[in-house]
Protein chains: 2
Amino acid sequence: MNTADHTVLRRFANGVHDHGRCVSGAMAKAELACAASGRRLTPLRRRVLELVWGSHLPVKAYDVLAILGQERAQAAPPTVYRALDFLQSVGLVHRIASLNAFVGCGEPQRGHVGQFLICTQCGAVAELADPALAQRVRRSAERLGFAVQRETIEVEGVCRSCRTSPVVLGPSP
Amino acid sequence: MNTADHTVLRRFANGVHDHGRCVSGAMAKAELACAASGRRLTPLRRRVLELVWGSHLPVKAYDVLAILGQERAQAAPPTVYRALDFLQSVGLVHRIASLNAFVGCGEPQRGHVGQFLICTQCGAVAELADPALAQRVRRSAERLGFAVQRETIEVEGVCRSCRTSPVVLGPSP
DNA sequence: GTTCATGTGTTACTACATAACAAATCTGGT
DNA sequence: ACCAGATTTGTTATGTAGTAACACATGAAC
């Protein structure tokens with residue numbers, strides 16, 4: 001669609017799409033990623049990952065907990081947070097610090113620099129992987145003698161579809 | 001000290017320094033910034049700003065509350081959060097999302113792109129203003145049709161002084 | 001099949017943040 | 001000085017996010 005698409009790890013859910021395919025694709029990649037690293041994708045962890053992939057919106061831990069609680073009698077905060085910690089450690093989900101929420105990762109195999117675009121209109125989150133940008137951050141920090149371990153870039157703004165077809169909340173005065 | 005120093009809005013508190021001057025300087029700038037924008041720097045807000053500037057480490061809201069509670073009988077969470085909201089709106093403090101903590105801003109008058117270096121060893125936070133980097137982020141987002149409103153860049157790593165004189169927690173085995 | 005590591009259940013708690021309304025204080029106009 | 005409206009602060013209560021600690025269960029490895 002444009003020249004930078006190869007850097008997009010996770011798209012905005014613009015327009016109608018078969019979200020079931022998003023989910024099943026993500027689950028398949030998750031199986032592979034876990035198998036490759038010898039980690040166990042248990043039923044619980046699998047289910048939590050599915051719930052995080054429930055939409056293209058970031059998902060709150062306690063929302064996951066609420067749904068999980070309907071499905072199994074025993075579900076407490078640690079149940080969810082432990083699963084999320086695991087999924088993060090394998091690179092299957094990311095935590096968005098500015099939202100206290102989680103999103104599924106579209107490309108768990110690739111490096112994770114943590115670049116996110118957050119639409120303030122529809123709430124959807126896209127993930128980028130722009131190595132040049134990451135490199136730019138690294139150099140800027142290293143000029144000050146700072147050794148970078150992890151970069152978090154969270155950009156708020158309005159996504160394309162919300163710009164072209166903005167949500168109207170009521171008649172303008 | 002190096003060619004990029006003009007981009008440093010807030011330094012790591014490396015080595016001994018007269019922190020009283022940091023604070024008094026910040027308070028003077030705060031008075032100016034508020035006067036310029038017609039906002040009121042009340043005694044309460046002033047005191048909260050001083051407490052945030054208490055060190056070069058990020059400060060938690062409830063730590064501010066604890067100190068404030070010793071000084072005045074009436075101090076509840078809203079007391080602190082309202083003051084912090086005000087100070088943020090004037091650009092006098094920043095919130096570090098990944099830490100749930102606050103730091104004073106070294107240059108309230110200048111644009112605030114929100115670029116932070118967080119040392120995982122000593123906990124100190126530096127603030128940068130690298131317009132080229134901000135521009136790079138903006139362009140990367142705009143290629144996807146995304147209109148940037150606010151950029152948050154929080155980089156974890158090890159600062160220069162912690163690299164050169166690392167904190168030793170015990171004898172190495 | 002016993003052992004050890006890993007995963008999950010359970011209870012309790014700590015930390016972070018805001019809603020809603022009441023009281024006090026400041027500001028500008030007369 | 002006085003009043004009216006706006007802003008700031010006090011107060012109570014509640015909502016939201018995340019973790020500690022320990023018990024129990026399950027899996028893999030020998």
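Letters A, B, ... mirror the listed sequences (proteins, then strands); counts begin at 1. Because the structure is predicted, anything quoted here is derived from the model rather than measured.
Residue A:Ala83 is the one, among A:Pro77 and A:Ala83, whose nearest nucleotide of DNA chain C lies closer to the 5' end (criterion: closest heavy atom). Where B:Ala76 and A:Tyr81 each meet DNA chain D at their nearest nucleotide, the meeting point lying more 5' is that of B:Ala76. For the pair A:Asp85 and B:Gln74, nearest-nucleotide mapping onto DNA chain D gives the more 5' position to B:Gln74. Residue order along DNA chain C, read from the 5' end via each residue's closest nucleotide, puts A:Arg40 first among B:Ala101 and A:Arg40.
Aromatic rings of A:His94 and A:Phe116 (six-membered ring for Trp) have centroids within the 6.0 Å cut-off, being under it.
Side-chain nitrogen and oxygen atoms of B:Asn100 include none within less than 4.0 Å of the OP1 or OP2 phosphate oxygen of C:dA15. Within the structure, a side-chain polar atom (N or O) of A:Lys60 is placed less than 4.0 Å from OP1 or OP2 of D:dA17. At D:dG10, one or more side-chain N or O atoms of B:Arg72 fall inside 4.0 Å of OP1 or OP2 (strictly under the cut-off). Remark: B:Arg45 is in phosphate contact with D:dT9, judged by side-chain N or O atoms under 4.0 Å from OP1 or OP2.
Rounded to an integer number of Å, the gap from CZ of A:Arg95 to P of D:dT16 is 17 Å. The nearest whole Å value for the distance from the CG atom in A:Leu68 to the P atom in C:dT10 is 13 Å. Distance, B:Leu44 CG to C:dT25 C1': 13 Å, rounded to whole Å. Computed from coordinates, the A:Asp63 CG to D:dG18 P distance equals 12 Å when rounded to whole Å. In this structure, CZ of A:Arg39 is placed 16 Å from C1' of D:dA28, rounded to the nearest angstrom. Nucleotide C:dA5 holds its P atom 19 Å from the CZ atom of A:Phe86, rounded to whole Å. Separating the CZ atom of A:Arg47 from the P atom of C:dT8 is a distance of 15 Å, rounded to the nearest angstrom. A straight line from CD of B:Gln88 to P of C:dC16 spans 15 Å, rounded to a whole angstrom.
Residues A:Asp130 and A:Arg136 are not paired through a salt bridge, judged by the lack of any N-O separation under 4.0 Å between the basic side chain and the carboxylate. Between A:Arg46 and A:Glu31, at least one side-chain nitrogen of the basic residue sits less than 4.0 Å from a carboxylate oxygen of the acidic one, meeting the salt-bridge criterion. With salt bridges taken as basic N to acidic carboxylate O contacts below 4.0 Å, one links A:Lys29 and A:Glu107.
If you check distances only, the side chain of A:Tyr62 does reach the base of D:dG18 with a donor-acceptor pair under 3.5 Å. Judged by distance alone with a 3.5 Å cut-off, a donor-acceptor contact links the side chain of B:Arg82 to the base of D:dG10.
Minimum atom distance to the side chain of B:Pro78 is reached by C:dA19, of the listed C:dC16, C:dA19, D:dG10.
Remark: side-chain polar atoms of A:Ser89 are paired, donor with acceptor, to backbone N or O of A:Phe86 under 3.5 angstrom.
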